[in-house]
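In what follows, a single structure is set out as structure tokens and then discussed.
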Amino acid sequence: MDNISEEFALVAKKGAPVPPPSRGPPTTSYHQKGLFINASTLRGYSCVRTATRDLWDQLFDEGYRADVTISTDNGGSIYAHASVLGMASQVMKGMLKQAKGRGRRRSISIHGVPHNAVRVFIRLLYSSCYEKEEMEDYVLHLLVLSHVFVVPALKQICIQQLEHGFLTSENVVDIFQLALLCDAPRLSLICHRMILKNFQEISITEGWKVMKKSHPSLERELLESLDDEENMQRERIRKSNERKIYFQLYEAMEALVHICRDGCQTIGPHDKDFRDDQAPCNYSACKGLEMIVRHFASCKLRVPGGCIHCKRMWQLLELHSRLCVDSEACRVPLCRNFKERTKKQSKKDEIRWRILVKNILKTKSIGGSPFFSSAFSMSS
């Protein structure tokens with residue numbers, strides 16, 4: 001990553017003006033597609049017609065009447081045309097106005113990136129095309145160049161290439177830092193999420209170790225984000241568990257009314273006639289609730305606080321009374337008694353019960369079911 005940062009600094013230092021802030025993705029729509037001539041697939045990708053691409057490629061390759069010399073690393077030179085460079089990049093236009101040269105030929109320098117990367121970059125300014133292998137080899141350098149020289153179309157292509165299939169555990173930290181330098185918010189967000197998701201693996205890579213030494217503040221931010229993500233995950237788990245409990249309580253309330261009003265299998269009101277050919281029960285909580293009801297009916301320590309199972313039954317009966325819409329006609333035992341009892345409860349207990357009822361009904365509503373099923377309607 002230090003090498004990439006140095007490349008970024010060197011490119012900006014060699015006379016290139018500071019690029020203006022990003023204004024979002026380019027308005028021109030670029031579609032990657034294979035190139036064809038005489039029904040033969042050509043190498044590379046382009047957004048223009050084949051004939052036009054060939055014409056501009058030929059102009060670049062032959063350097064016909066080129067009036068600009070671009071100096072690159074290791075003494076390399078690339079010949080180009082000022083009119084093409086100036087129209088493709090406002091930054092290039094500014095550099096050419098300040099450039100010195102002999103006669104009509106001017107000279108500019110682009111250092112800090114490989115010569116071939118600069119050549120691919122200039123070629124794209126001409127023909128809007130690139131070769132797949134070159135993009136894979138120089139995508140990071142091209143991202144830096146497209147940002148420094150403000151070429152939004154190429155920058156968008158580089159970002160898409162990096163987002164789809166290029167990110168790995170080994171390079172994601174480097175690309176994350178480069179995305180921040182090159183004002184690529186979507187790419188930086190994707191890298192950030194990948195780092196948090198695979199933190200144990202990424203934190204032992206060479207890229208992370210280098211970042212830790214060169215950019216300790218960025219490491220602290222990532223660690224804080226990791227803590228926030230873990231806290232949010234724990235909070236989501238806690239709320240999910242709460243919803244499960246509230247949903248189970250709602251089902252228990254429906255099953256309680258079902259047992260006391262209609263009867264279920266072998267348990268029900270005293271005037272219920274049980275048949276051998278009864279249909280299977282549709283209430284999932286019936287089986288567990290039936291065991292509690294049978295215990296409650298026969299327990300000698302049925303007073304509140306005397307038996308943990310009976311205490312649970314008392315709580316279910318009170319919860320039912322707070323959900324019941326018609327205590328006068330309700331067949332659940334003690335429903336009306338609990339309704340009267342609520343008038344004498346402390347304000348603190350009343351608030352606690354209201355919150356519980358509200359959460360139960362809210363959870364059931366999220367599940368897509370009505371607040372009250374037919375089990376809470378008036379018995380016939």
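Index from 1, following the sequence.
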Worksheet item: Counting only N and O atoms by type, is there a donor-acceptor contact under 3.5 Å from the side chain of Tyr138 to the main-chain atoms of Pro114?
Response: no
Item to complete: Kindly determine whether Val332 and Cys324 satisfy side-chain contact (heavy atoms from CB on, under 4.5 Å), including the steps that lead there.
Response: CA-CA 10 Å; Val332 177; Cys324 185; over 6 Å; no
Response to the item:
Ala117 and Leu142 have their tightest heavy-atom pair at O-CD2, 3.6 Å
Practice prompt. Please report the shortest heavy-atom distance between Met135 and Cys158, naming the atom on each side.
Written response: SD-SG, 4.4 Å
Worksheet item: How close do Ser77 and Thr72 get, heavy atom to heavy atom, and via which atoms?
Response: N-OG1, 4.1 Å
Worksheet entry | Full working for side-chain contact (heavy atoms from CB on, under 4.5 Å) between Ile190 and Met194 | CA-CA 6 Å; Ile190 292 174; Met194 183 175 177; 5.6 Å; no
Discussion item. I need the Ile175 CD1 to Cys182 SG distance, nearest 0.5 Å.
Written reply: 11.5 Å
Worksheet item: Under a 4.5 Å side-chain heavy-atom rule over Ile, Leu, Val, Met, Phe, Trp and Tyr, are Met211 and Leu223 clustered together?
Response: yes
Item to complete: Provide the closest heavy-atom pair for Ile122 versus Ala80 in the form atom of the first, atom of the second, distance.
Response: CG2-CB, 4.3 Å
Item to complete: Measure the CZ-OG distance between Arg352 and Ser346 for me, rounded to the nearest 0.5 Å.
Response: 8.0 Å
Worksheet entry | Shared hydrophobic cluster, Tyr79 / Ile70 (ILVMFWY, side-chain heavy atoms < 4.5 Å) | no
Worksheet item: Parallel under 30°, tilted from 30 to 60°, perpendicular over 60°: which one fits the rings of His309 and His295?
Response: perpendicular
Discussion item. Would the distance check show the side chain of Ser146 and the main-chain N or O of Leu154 forming a donor-acceptor pair, the cut-off being under 3.5 Å?
Written reply: no
Worksheet item: What are the two closest non-hydrogen atoms of His115 and Gly76, and how far apart are they?
Response: ND1-CA, 3.8 Å
Discussion item. Test side-chain hydrogen bond (donor to acceptor under 3.5 Å, both in side chains) on His111 and Asp73; report intermediate values, then the result.
Written reply: CA-CA 5 Å; His111 294 293; Asp73 285 351; 2.9 Å; yes
Discussion item. Centroid separation under 6.0 Å, is that true for the rings of Phe338 and His320?
Written reply: no
Discussion item. Let me confirm one number: the CG-CG distance from Asp137 to Asn116, rounded to the nearest 0.5 Å.
Written reply: 9.0 Å
Item to complete: Could you grab the distance from atom CG of Leu218 to atom NZ of Lys212, nearest 0.5 Å is fine?
Response: 13.5 Å
Fill in: Donor-acceptor contact present, side-chain His164 to main-chain Gln160, <3.5 Å
yes
Worksheet item: At what distance, to the nearest 0.5 angstrom, does CZ of Phe166 lie from CD of Gln161?
Response: 9.0 Å
Discussion item. Would you compute the distance between atom CD1 of Ile308 and atom SG of Cys299 and round it to the nearest 0.5 angstrom?
Written reply: 12.0 Å
Discussion item. Show the nearest heavy-atom pair for residues Arg119 and Asp61, with the distance to one decimal.
Written reply: NH2-OD1, 3.7 Å
Worksheet, complete the sentence: Quick note, salt bridge (charged side-chain N to carboxylate O under 4.0 Å, His left out) partners involving residues 214-232, not counting sequence neighbours, are Glu229-Arg236
Practice prompt. Assess whether atom CZ of Phe199 is packed by more than 12 heavy atoms of other residues, nucleotides or ligands within 6.0 Å.
Written response: yes
Worksheet item: Mind checking whether Phe296 and Trp314 have parallel, tilted or perpendicular rings, split at 30° and 60°?
Response: perpendicular
Worksheet entry | Exam field: side chain Arg105 to backbone Ala66, donor-acceptor pair closer than 3.5 Å | yes
Discussion item. Applying side-chain contact (heavy atoms from CB on, under 4.5 Å) to Arg234 and Asn231, what does each step give before you reach the verdict?
Written reply: CA-CA 5 Å; Arg234 284 193 290 266; Asn231 291 334; 2.2 Å; yes
Item to complete: Could you walk me through whether Lys93 and Leu85 pass the side-chain contact (heavy atoms from CB on, under 4.5 Å) test, one step at a time?
Response: CA-CA 7 Å; Lys93 181 184 289 187; Leu85 300 182; over 6 Å; no
Worksheet entry | Whether Ser188 side chain and Pro185 backbone form a donor-acceptor pair below 3.5 Å | yes
Fill in: CZ/Arg65: more than 12 non-hydrogen atoms of other groups inside 6.0 Å
no
Worksheet item: Given the rule that I, L, V, M, F, W and Y join up when any side-chain heavy atoms are under 4.5 Å apart, are Val357 and Ile245 in one cluster?
Response: yes
Discussion item. Closer than 4.0 angstrom, basic N to acidic O: yes or no for Arg322 and Glu318?
Written reply: yes
Fill in: Lys239/Glu242 ion pair, N-O < 4.0 Å
no
